[in-house]
**Student:** 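Have a look at this one.
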Amino acid sequence: MTTVALVAAGVHLAFIGVFAWAAVWPLAGANVASVLVYVLAHRLVRGEHPLLAVWLMALEVLVHSTAAVLAIGWDSGFHFYIMLIIPVVIVSALTSVQRKVAFAFAVGVFYVLLDWHFRQQAPVFSLAGPVLLALHYFNLVSMLLLLGLLCTVYFRMVKEAQRLLHVQASTDPLTQLFNRRAMRDMVQRECVREVPAEDVHTLALLLVDVDHFKRINDRHGHESGDDALLLIAQTLQDGLREGDQVARWGGEEFLVMLPATGVDEAVKVAERLRQRVAAQRFMGAAGRQPLSVTLGVAVRLPHESIDRTLARADQALYMGKESGRNRVVLAPEPEITTQN
């Protein structure tokens, strides 16, 4: 709406010159007032009062267009601008669809009544034919340009709304990491993208669990628990290589995806992440408290499903928690059985 207000102010600045050229001085003076109205509307939008700005701009268009049609006649084309009120209202900050529809309908009725009353009525100022024709096409072109601008604004609003919906659907609200659904999609795409040789491991998954998280919540409160999750999420994200991804897998668990990573490198990355978390402290009820995580590492085998790789990482994580926590455990490769 700030752009619309600035463009409309520019158009009315041009009108001052147009009416001065046509020697219609009352309308030239009126356009000075219109410029001030749009400057005020621009300030209202920037001051977080968009609804008031919309009503102010709509009122200005109605009054200015009606006065111009009365002064120099229907053929001047100033009535074109009234139709612009409808898309402005549609993309405005009006809170309900019912209000938008009601206001748009009222504007449509007003336009029809204005057409019926003024089309054949003699204007107050009689302009020469070429001057009137020039005004007509000036207004037509200006209206089309403003309509194009409004369409662009609406398109950008739709794209931004789609982007925000996508972010909300793929982001964990607490940690701002990818959520479980988004991470599964990324892992699946990675598996489809790569075509490994039969004996090459190219995708590693690290399942990360916060040690004694229930104890953190019980002793220090859920707010401290959230702070601990945020700290671990940031630590994991900061410790990844380019191309790696981390997501909140659920509760106090995180999943790290390491593309094009074999067993040795995956274990090194996991150990580095474990050490980085162990070096952190979160603010608990009794001051700064230590943190630790246990990591289960699984490297995807040729033709292995993602669910199976995740299950092996979860098995390794369970082994790490059973053996004392705060450690990295590599999932053993499944034994291959043969039938005679």
**Student:** Does Phe80 form a side chain to side chain contact (heavy atoms under 4.5 Å, CB included) with His136? I'd like the steps, not just the answer.
**Tutor:** CA-CA 9 Å; Phe80 293 143; His136 175 88; 3.7 Å; yes
**Student:** Rounded to the nearest 0.5 Å, what separation is found between the OG1 atom of Thr235 and the CZ atom of Phe254?
**Tutor:**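 Reported value, rounded in 0.5 Å steps: 9.5 Å.
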**Student:** If you define the side chain from C-beta out and look only at heavy atoms, does anything of Ile306 sit under 4.5 Å from Gln188?
**Tutor:**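 When only atoms from C-beta onward are counted, Gln188 and Ile306 do touch, with a gap below 4.5 Å.
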**Student:** If you look at every heavy atom in Leu150 and Pro87, which pair is closest and at what distance?
**Tutor:**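 Scanning both residues completely, I find the closest heavy atoms to be CD1-CG, 3.7 Å.
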**Student:** Counting only N and O atoms by type, is there a donor-acceptor contact under 3.5 Å from the side chain of His64 to the main-chain atoms of Ala30?
**Tutor:**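 Pair absent, no side-chain N/O of His64 close to backbone of Ala30.
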**Student:** Is the Phe103-Trp55 ring centre distance short of 6.0 angstrom?
**Tutor:**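 That pair passes the under 6.0 Å test.
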**Student:** When rounded to the nearest 0.5 angstrom, what is the spacing between OH in Tyr137 and CG in Leu140?
**Tutor:**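 Output value for this atom pair is 7.5 Å.
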**Student:** Just by distance, with hydrogens left out, do Ser292 and Arg327 show a side-chain donor and acceptor under 3.5 Å apart?
**Tutor:**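 The criterion, which ignores hydrogens and geometry beyond distance, is not satisfied for Arg327 and Ser292.
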**Student:** Give me the atom names and distance for the closest heavy-atom approach of Val293 to Val210.
**Tutor:**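 Closest heavy-atom pair between Val293 and Val210: CG1-CA, 4.0 Å.
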**Student:** If only atom types and distance count, is the side chain of Thr175 paired as donor or acceptor with the main-chain N or O of Leu177 below 3.5 Å?
**Tutor:**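 Side chain of Thr175 to backbone of Leu177: a pair is present.
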**Student:** Nearest 0.5 Å, what's the CG-CZ distance between Leu27 and Phe15?
**Tutor:**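 Going from CG on Leu27 over to CZ on Phe15, the span is 10.0 Å.
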**Student:** For Val35 versus Ala9, what's the shortest heavy-atom pair and its separation?
**Tutor:**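 Closest pair (atom of Val35, atom of Ala9, distance): CG2-O, 3.8 Å.
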**Student:** Please check if any side-chain donor atom of Glu60 sits under 3.5 Å from a side-chain acceptor atom of Ser34, or the reverse.
**Tutor:**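 Judged by distance alone, the side chains do pair up.
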**Student:** Taking atom CD of Gln162 as the centre, does the number of heavy atoms from other residues, nucleotides or ligands within less than 6.0 Å exceed 12?
**Tutor:**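 Check passes, neighbour count above 12.
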**Student:** Verify salt bridge (charged side-chain N to carboxylate O under 4.0 Å, His left out) between Asp307 and Arg184, making sure each step is shown before the conclusion.
**Tutor:** CA-CA 10 Å; Asp307 287 336; Arg184 284 195 68 93; 2.7 Å; yes
**Student:** Go through the steps for Ile72 and Val124 under the test side chain to side chain contact (heavy atoms under 4.5 Å, CB included), then give the verdict.
**Tutor:** CA-CA 6 Å; Ile72 56 179; Val124 176; over 6 Å; no
**Student:** Kindly assign one of parallel, tilted or perpendicular to the pair His220 and Phe282, based on the angle between their ring planes and the thresholds 30° and 60°.
**Tutor:**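 Plane angle over 60°, so perpendicular.
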**Student:** Verify whether one side chain among Gln121 and His117 offers a donor that lies under 3.5 Å from an acceptor in the other.
**Tutor:**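 Side chains of Gln121 and His117: pair found under 3.5 Å.
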**Student:** Does Val269 form a side chain to side chain contact (heavy atoms under 4.5 Å, CB included) with Val297? I'd like the steps, not just the answer.
**Tutor:** CA-CA 10 Å; Val269 173; Val297 181; over 6 Å; no
**Student:** Start with the C-alpha distance between Leu295 and Leu317, add both sets of side-chain angles, then the distance that settles side chain to side chain contact (heavy atoms under 4.5 Å, CB included), and finish with yes or no.
**Tutor:** CA-CA 6 Å; Leu295 297 94; Leu317 177 64; 5.8 Å; no
**Student:** Determine whether a donor-acceptor pair (N or O, by modelled atom type, separation under 3.5 Å) exists between the side chain of Gln315 and the backbone of Arg312.
**Tutor:**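 Flag not set: sc Gln315 to bb Arg312 has no pair under 3.5 Å.
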**Student:** Looking only at the side chains, is there a donor atom on one of Ser142 and Asn139 sitting less than 3.5 Å from an acceptor on the other?
**Tutor:**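 Judged by distance alone, the side chains do not pair up.
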**Student:** Any chance the side chains of His12 and Asn31 put a donor and an acceptor closer than 3.5 Å?
**Tutor:**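 Per modelled atom types, His12 and Asn31 side chains form a pair under 3.5 Å.
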**Student:** Does a salt bridge link Glu271 with Lys268, judged by any charged N lying under 4.0 Å from a carboxylate O?
**Tutor:**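 No, this pair does not count.
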**Student:** On a heavy-atom basis, which atom in Leu203 and which in Pro259 lie closest, and how many Å separate them?
**Tutor:**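 Looks like CD1-CA, 3.9 Å.
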**Student:** Test your reading of the model: is there a side-chain donor-acceptor pair from Asn217 to the backbone of Lys214, 3.5 Å cut-off?
**Tutor:**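 Not confirmed, Asn217 side chain does not pair with Lys214 backbone.
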**Student:** As an exercise, state the distance from CG of Leu230 to CZ of Arg248, rounded to the nearest 0.5 Å.
**Tutor:**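 These two atoms lie 8.5 Å from each other.
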**Student:** Could Glu265 and Arg241 be called an ion pair, given the rule that one side-chain N must be under 4.0 Å from one carboxylate O?
**Tutor:**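 Counted as a salt bridge, because a side-chain N and a carboxylate O are separated by less than 4.0 Å.
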**Student:** Tell me if a side-chain donor or acceptor on Arg325 pairs with a main-chain N or O of Gly320 at a distance below 3.5 Å.
**Tutor:**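 Flag not set: sc Arg325 to bb Gly320 has no pair under 3.5 Å.
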**Student:** Are Phe78 and Phe19 close enough that their ring centers fall under 6.0 Å?
**Tutor:**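 Between Phe78 and Phe19, the centre distance is under 6.0 Å.
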**Student:** Closest approach of Ala71 and Pro123, non-hydrogen atoms and distance?
**Tutor:**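 Result for this residue pair: O-CB, 3.4 Å.
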**Student:** Strictly by modelled atom types, are Asp209 and Thr294 linked by a side-chain donor-acceptor pair under 3.5 Å?
**Tutor:**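 The answer is no; no qualifying pair exists.
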**Student:** Side chains of Gln176 and Asp172: any donor to acceptor distance under 3.5 Å?
**Tutor:**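 Side chains of Asp172 and Gln176: no pair found under 3.5 Å.
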**Student:** Given 3.5 Å as the limit, does a donor-acceptor pair link the side chain of Arg281 with the main chain of Ala278, or not?
**Tutor:**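 Here the side-chain-to-backbone pair exists.
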**Student:** Where do Ala14 and Phe138 come nearest, in terms of heavy atoms and distance?
**Tutor:**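 Between these two residues, the closest heavy atoms are CB-CZ, 4.0 Å.
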**Student:** With rounding to the nearest 0.5 Å, note down the distance linking OG1 in Thr66 to CG in Leu62.
**Tutor:**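 Answer rounded to 0.5 Å: 6.0 Å.
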